[in-house]
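Every chain is numbered from 1, with letters handed out A, B, ... down the list of sequences. Just so you know, these numbers use all the heavy atoms, side chains as well, and skip hydrogens, waters and symmetry mates.
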2 protein chains.
Amino acid sequence: MSDVAGRDPEAVSRFVERFAAQLVEAGLARMPARVFAALLASDSGALTSAELSRQLQVSPAGVSGAVRYLSQVHMLSREREPGSRRERYRVHSDQWYQALTNREAIIKRWEDALREGVASLGAETPAGHRLAETLAFFEFIEKDVAEMMERWQVRRAELFGDER
Amino acid sequence: MSDVAGRDPEAVSRFVERFAAQLVEAGLARMPARVFAALLASDSGALTSAELSRQLQVSPAGVSGAVRYLSQVHMLSREREPGSRRERYRVHSDQWYQALTNREAIIKRWEDALREGVASLGAETPAGHRLAETLAFFEFIEKDVAEMMERWQVRRAELFGDER
DNA sequence: CCTTAACTTCACAAATTTCTGAAAGAAGCG
DNA sequence: CGCTTCTTTCAGAAATTTGTGAAGTTAAGG
């Protein structure tokens, strides 16, 4: 036990469900959204499968699936507690900001599809032009987002001190 | 007729389905994704309900639903052809770049949920700190994305000339 | 006004997704 | 090694989402 003591479980749950609902609206599946929100709202920033299962009223199987997905998209990392078969799932702020903006893999595939479209519809056609411009937009975004994240690191240090 | 003549419908369809698949993966519903992709790939940048229905092999009802959604999230605009009950649906590049980045409404609601979380979990708790930092991140993003779009306008003019 | 073309709404069938319980699979510990 | 604890996998039930046909609405054009 670690996290729950001394906190109002009602308040936690209210936040978790509300924030998860927003994530769902943005396209994340429900269970991963709830798991992620629960981690964000935990004091330690890490919870075990059992804790998640109890807090969210969900079967261990459900947690397992959600966690698998979230770690695939780098929104959490798994850690093994030394000398125990319990696993903890943790959010690293850095990591998840990256994941959020770092749609890099996705953007890359969009770009591929667009390049192919330009080629097959003809670069000189009106549609080809539109696709080419969209492609240029993505290429621009890709670069600029990376720079934005660097600016954020600076800003964060300003706001919260350099408590890396 | 306008768009299809002289183009390889196969090639168009291939692009539409591939690009739509990427949009789906990013969280858009299937039908809106296909409609949107078809518009992007059209020479005129605008299609009627009937054209979409035929090209995508989908009932008018399906098109109607997709179009309603897309116009709600500002990814297309509707225009009435003067003196006809036909309606055309159009992508404006500007508009859709905005829509893509302008998750503004979404971000705002995230921020609301986070602010509430900070308040109810306590700004001095570890969880409260984490939420506060996440909130700061979103506030930063929100501002910086707006600036990024301005930079894109400049870049676009460079690349394509000022063919507003 | 009446007809007809174009789009929308709605109830429902079909397909898909989500979550569970049960069983199997790892890994610490004696 | 075997026991125990924790996690994962998997088949299927339940819930949700998606797209359709049919009926309804709106507005142009006679």
Exercise. For DNA chain C, note the earliest and the latest nucleotide, 5' to 3', having some atom under 4.0 Å of a heavy atom belonging to chain B.
Key: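 Range of nucleotides touched by chain B: dA5(C) to dT9(C).
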Quick tally for nucleotides 1-15 of chain D: nucleotides whose base has a protein heavy atom under 4.0 Å get B, sugar-phosphate-only ones S, the rest -, giving ----BSSBB------
Can I get a per-line list of side-chain donor-acceptor pairs under 3.5 Å for residues 115-122 of chain B, giving both atom names and the distance, sequence neighbours left out?
from	atom 1	to	atom 2	distance (Å)
R115(B)	NH1	E139(B)	OE2	3.1
E116(B)	OE1	R18(A)	NH1	3.0
E116(B)	OE2	R18(A)	NH1	2.2
S120(B)	OG	E116(B)	O	3.4

Residues in salt bridge (charged side-chain N to carboxylate O under 4.0 Å, His left out) contact with E150(A), at least two apart in sequence or another chain
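Applying salt bridge (charged side-chain N to carboxylate O under 4.0 Å, His left out) to E150(A) gives none.
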Quick one: ring-ring contact (aromatic ring centres under 6.0 Å, His included) pairs with a partner in [range], sequence neighbours left out?
range                       : result
residues 24-68 of chain B   : F36(B)-W96(B)
residues 37-77 of chain B   : none
residues 121-157 of chain B : Y97(A)-F137(B), F137(A)-W152(B), F140(A)-W152(B), W152(A)-F137(B), W152(A)-F140(B), Y97(B)-W152(B), W110(B)-F138(B)

Identify, with sequence neighbours excluded, every residue that meets side chain to side chain contact (heavy atoms under 4.5 Å, CB included) alongside [X].
X      : answer
A66(B) : M31(B), P32(B), V35(B)
Q57(B) : none
A20(B) : A33(B), R34(B), A37(B)

Is any side-chain heavy atom of V67(A) less than 4.5 Å from a side-chain heavy atom of R78(A)?
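A side-chain contact under 4.5 Å exists here.
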Positions of residues 27-37 of chain B (non-hydrogen atom under 4.0 Å from DNA chain C), listed by number: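 When residues 27-37 of chain B is checked for heavy atoms under 4.0 Å from DNA chain C, there are no hits whatsoever.
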side-chain hydrogen bond (donor to acceptor under 3.5 Å, both in side chains) partners of R85(B), counting only residues at least two apart
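Once residues adjacent in sequence are excluded, R85(B) has no partner under the side-chain hydrogen bond (donor to acceptor under 3.5 Å, both in side chains) criterion.
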